Amino acid sequence: MGEVNSSTVPGRIPAGSLSPQLDGKEGYVLGWVHEVRDLGHLIFVVLRDGTGLCQVSIKVADTPEEVVRRVRGITNESVVKVWGRVTREPKARAGVEFKGREVEVISRTERTVPYDVTGKVDAKLDTRLDHRILDLRRPENRAIFLIGDTVLSACRSFLRERGFIEVRTPRIIATATEGGAALFEVNYFDRRAYLAQSPQLYKEELVTVFERVFEIGPFFRAEESNTTVHINEFTSIDIEAAFADYNEVMEVLEKLMVHVYQRVIDERGRELSLLNLNIRVPQLPFMRVTYDEALEYLREVGMEKRWGEDLSVRDMRALTSKYDGFYFITDFPTVTKPFYIKPRDGKPEVSESFDLVHGWLELASGGSRISERSLLERRIVDSGLNPASFQHHLDIYDYGMPPHAGWGLGYERLLMIITNRMNVREATLFPRDRTRLTP
RNA sequence: GCCUGGGUAGUAUAGCCAGGUCUAGUAUCGGCGGCUGUCGCCCGCCGGACCCGGGUUCAAAUCCCGGCCCAGGCGCCA
């Protein structure tokens with residue numbers, strides 16, 4: 001409380017809070033030295049903290065010699081505390097600045113900063129990732145992950161409101177969960193174990209307990225991919241719902257996208273404009289394109305495909321000339337999908353499956369699941385996997401398994417799309433890829 | 001894993017095709033000095049680099065071979 005007091009009692013003033021309305025407020029600012037402009041009798045220090053940037057000005061004539069010497073010795077990215085007063089100042093571009101009186105250097109940068117935080121000189125993504133913490137200090141890069149914070153928060157609140165329970169499943173597992181993607185091996189007390197590639201089987205089992213569950217967490221794929229959209233440790237937003245089919249969970253997903261965009265627009269206006277983004281809430285419902293329709297279009301543009309083949313990146317790029325923004329591709333051939341996806345009753349070569357696509361990029365994948373043990377066992381065998389290694393999972397199906405459906409959504413890819421980044425690594429704090437294991 | 005293009009100061013680039021004039025240019029950065037309103041401040045001086053290994057040649061940053069690494073595209077995959 002006490003708006004009156006806060007302007008008279010000295011205390012910390014967030015850099016991002018400076019405005020001409022705070023004219024005369026005494027206190028101190030704390031943060032990192034973004035840059036220094038020394039004009040001789042007047043020194044400007046641009047200071048950056050968790051809330052933004054502010055300009056500190058120091059008049060040499062009005063400042064003790066010792067303090068001036070300290071300011072002249074400041075290096076970029078040092079942490080400093082400056083006492084002074086917020087002052088309305090028409091000569092400052094922001095219309096306000098912080099007149100500094102006394103300066104304390106809390107932590108001095110002793111070496112040349114290996115990366116330009118102010119952005120005056122470009123750096124390659126690889127260099128930026130080598131110095132990721134410095135890179136993240138750039139306001140533009142911070143903004144990406146502030147938006148990411150809202151995305152995660154929006155997903156949690158949206159799903160919880162709809163009765164989904166947040167769960168955590170193991171990252172360390174004994175056997176391959178899905179086949180498909182390659183797994184990383186870990187040594188588990190002299191036994192062989194693996195890092196989970198998805199929560200798939202666990203979340204299916206958990207619908208027999210909670211009916212609706214979701215999980216947001218890291219998963220691992222040992223694929224030697226070398227693209228702008230694959231990383232080996234990624235964050236999956238997964239849901240699974242009992243007594244639902246793929247159409248119902250598709251609806252949850254598209255409504256979630258609308259909710260996420262709305263929350264980002266509502267809460268992150270500052271970050272969006274910093275990134276020059278003008279995003280709009282997507283229109284419902286998203287277009288549903290069946291696999292057969294996609295094939296038909298590809299045939300029209302001279303890219304004929306055999307039915308049963310998966311869609312390639314080239315195919316997906318071709319589809320962007322007809323389908324824009326978010327859309328679903330549905331009803332994939334059963335052979336292109338993992339064993340747990342449900343084949344259509346009466347037409348088992350087609351599966352009750354879908355991908356959520358934005359442009360040419362796959363963001364999410366889901367479907368109705370098999371809920372009958374004998375069929376699941378048969379599909380495991382058909383997929384070239386050994387049913388014996390799924391014994392625990394299969395046994396669950398003997399004790400009351402409802403029909404269910406779900407999906408998994410790639411968080412970094414979604415953030416990449418929202419923030420219009422060209423490389424998923426830019427939407428990952430510390431990306432892990434084929435060659436990068438540090439920092 | 002494949003194809004194409006790359007690797008020059010801390011960072012980003014010029015130079016390479018047409019080998020010598022490169023003691024390797026520029027910006028930023030760091031150091032020093034100057035400057036009263038900057039906001040990519042400005043001005044002067046100084047500092048700092050040819051990815052690694054082999055080869056061709058009188059001479060290699062420049063040409064050739066191998067390796068490592070990077071970007072984009074593709075594959076795998078989500």
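In this text the structure is predicted, and so the values were computed from the model without any measurement. Keep in mind that the numbers below use all heavy atoms, side chains included, and drop hydrogens, waters and symmetry copies. Here is how names work: the chains are called A, B, and so on, in the same order as the sequence lines, proteins then strands, and each is numbered from 1.
Of the candidate nucleotides B:rU11, B:rU36, B:rC74, B:rU11 has the atom lying nearest to any side-chain atom of A:Thr127. Which of B:rU38, B:rC74, B:rC39 sits closest to the side chain of A:Asn226 comes down to B:rC74. Checking B:rC76, B:rG37, B:rC41 against every side-chain atom of A:Arg37, the shortest atom distance belongs to B:rC41. Of the listed nucleotides (B:rG75, B:rA12, B:rC70), B:rG75 has the atom at the smallest distance from the side chain of A:Ser225. The side chain of A:Asp38 sits closest to B:rC35 out of B:rU38, B:rC35, B:rG37.
Between the CD atom of A:Glu89 and the C1' atom of B:rG37 there is a distance of 8 Å, given to the nearest Å. Atom CG of A:Asp116 is separated from atom P of B:rU13 by 13 Å (rounded to the nearest Å).
Contact check, A:Thr118 against B:rG40: no side-chain N or O comes under 4.0 Å of OP1 or OP2. Between A:Lys120 and B:rU11, a side-chain N or O to OP1/OP2 separation shorter than 4.0 Å is absent. The phosphate of B:rC74 has OP1 or OP2 within less than 4.0 Å of a side-chain N or O from A:Arg317.
As rounded to the nearest Å, B:rG48 and B:rG55 have P atoms that lie 30 Å from one another. Comparing the same atom, P, in B:rC63 and in B:rG73 gives a spacing of 27 Å after rounding to whole Å. To the nearest whole angstrom, the two P atoms, one in B:rC16 and one in B:rC51, are 16 Å apart.
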